[in-house]
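These figures come from a predicted structure and were not determined experimentally. Chain letters run A, B, ... following the sequence lines, proteins first, then strands; residues in each count from 1.
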2 protein chains.
Amino acid sequence: MAETDQSTARAAQFAKIDPAFQVTVRDHVYRTVRSAILSGSFATGEKLNERGLAEQFGVSTTPVKEALRQLETEGLVEALPRRGIVIRFSSQWAEEMILARAALESMIAHLAAKRIGKQAKAELQSVADLMKKATASGDADRLIELNEMFHDQIHDCSRCTYLAKLIERQQFYDASIRRVIHLDPAERQKALEEHLAIAQAIIAGDSDLAERVMRDHVVRSGDTYLNIVFGKQEDI
Amino acid sequence: MAETDQSTARAAQFAKIDPAFQVTVRDHVYRTVRSAILSGSFATGEKLNERGLAEQFGVSTTPVKEALRQLETEGLVEALPRRGIVIRFSSQWAEEMILARAALESMIAHLAAKRIGKQAKAELQSVADLMKKATASGDADRLIELNEMFHDQIHDCSRCTYLAKLIERQQFYDASIRRVIHLDPAERQKALEEHLAIAQAIIAGDSDLAERVMRDHVVRSGDTYLNIVFGKQEDI
DNA sequence: GGCTGAAATCTGATATACCAGATGTCACAC
DNA sequence: GTGTGACATCTGGTATATCAGATTTCAGCC
């Protein structure tokens, strides 16, 4: 009996591993090619060769085809049947990805403000407080981490799994670029103010305000990224 | 010389065929399974079997795998590596797809109001006028057609290709269900009023108003669809 | 009787072979 | 020189075989 209890207790210590965590070749190819496209390794209109990619990765064409299918569904490449895969991603695409994110994040912020519970309010406030500290101390990596946590919390509050997944696909920059941004004190300060305003609006349950400040935040910071990645500035 | 001109003129008469128009097995499987999922042929959580599907379609597993990969990227199914494909779609998913559409369509309406040109204004107005007539005469099929034309025009005005593509994937009902909706006179009238308001706002260049009325339109009509497909009502 | 673990089996993941449409090349006819 | 068309070739699409993780089954043990 004691033994049973003990073993149960021990088993409970281990978090369930996410089955989707496993890495497949397909997934590796997908991530690598996606990242390469988003970082501008391929010119818009350039063709991708299935056999060539398979050879470069040292794998068969099967997982490559599947990875390309995912990229196609995401809109980053276009498949012309029996003719080839063409890169679709461009600076315009990136701009629109920001707009999509802005639209979806503001929708989710709206819902979060309506649906947030007491405990979640406290947690959101606590992350906001941590952001304030990290901004003051200039810890860029910590800020990136908190940033992600912050948006994830809002996603959780909204209880919108699908929307959260959709938003994830609208990201065209990676951690290294984020780091560049967060190293700039002025940018850090601006982002902090926006985050605090978002947190305040959501905690206050002001869904319309939350929607607006979130949208402005995503668009503004998105433009900053655009500027860095493509060296140009565009407004809505 | 005359011959050259003539042949050029003749060639110009034929529209270029879209290379993506070609139907592949993969695409057929994709569309069929997608439609089956959206129409509720599979319960949420139900497993799909690659070999089984391939056998049902009388094809090999290769195109089936690719089709499933597309559905996975769309979020309709989830792939658990080496364990199987699970249906993710549910009424909650459908609700969130509407919210996504509302967010994206309102963003696109906002941009359309800002970017629309003189000729496009006239065209949008003319479609709106046709809608008025079709609503009065109760021509459901014609209304469905005009509806699509209307939204496509707005997409074109916004000059947002990526967003337009993204919106297309947020549709969880097909033509037959649309038809049911448009057969109801009250619904037709309501939709007409909304469409006219949207057209007016965009033509007037009032981007904020366009955004708001578009969002309300998508959410309201979406709820009507939800009601029909899932027999329940949900609000934001 | 209930638990353990090895074997059978199911299923997705990957590799390979082959098919067919699309494109490029080039000799030939005018 | 220009245009035509057969042929070589490239490339994605599909089929099939094999590999390996996951699940199930069930005999054997406590």
Please state how far atom [atom1] in [X] lies from atom [atom2] in [N], giving the value in whole angstrom units.
X       : N      : atom1 : atom2 : value
B:Ile85 : C:dG12 : CD1   : P     : 6 Å
B:Leu80 : D:dT23 : CG    : P     : 9 Å
A:Glu55 : C:dT16 : CD    : P     : 12 Å
A:Leu71 : D:dG12 : CG    : P     : 14 Å
B:Leu68 : C:dT11 : CG    : C1'   : 13 Å
B:Glu50 : D:dT16 : CD    : P     : 16 Å
A:Lys47 : C:dA22 : NZ    : P     : 11 Å
B:Glu78 : C:dG12 : CD    : P     : 14 Å

Can you tell me if the side-chain N/O atoms of [X] get under 4.0 Å from OP1 or OP2 in [N]?
X       : N      : answer
B:Asn49 : C:dC10 : no
B:Lys65 : C:dG12 : no
A:Arg51 : D:dT11 : no
A:Ser60 : C:dA15 : yes

Next item on the list: State whether the number of non-hydrogen atoms from other residues, nucleotides or ligands found under 6.0 Å of A:Glu55 atom CD is greater than 12.
Entry: no

Next item on the list: Evaluate side chain to side chain donor-acceptor pair (under 3.5 Å) for A:Gln171 paired with A:Tyr225, printing each intermediate quantity in order.
Entry: CA-CA 11 Å; A:Gln171 214 97 10; A:Tyr225 282 108; over 6 Å; no

Note to self: What contact category does B:Leu48 fall into here, base, sugar-phosphate, or nothing, at under 4.0 angstrom with non-hydrogen atoms?
What the structure shows: sugar-phosphate

Notebook entry, point to check: With no angle test and no hydrogens, is the base of D:dA15 tied to the side chain of B:Thr62 by a donor-acceptor pair under 3.5 Å?
Noted result: yes

Check: Does a distance-only test, which skips hydrogens and angles, find a donor-acceptor pair under 3.5 Å between the side chain of B:Arg83 and the base of D:dG21?
Finding: no

If the threshold is 4.0 Å, N to carboxylate O, is there a salt bridge linking [X] and [Y]?
X        : Y        : answer
A:Lys165 : A:Glu168 : no
B:Arg69  : B:Glu72  : yes
A:Arg142 : A:Glu145 : yes

Notebook entry, point to check: Toward the 5' end of DNA chain C, which comes first, A:Arg26 or A:Thr61, by nearest nucleotide?
Noted result: A:Arg26

Next item on the list: Select one nucleotide: of D:dG13, C:dA15, C:dT14, the one nearest the side-chain heavy atoms of A:Val59.
Entry: C:dA15

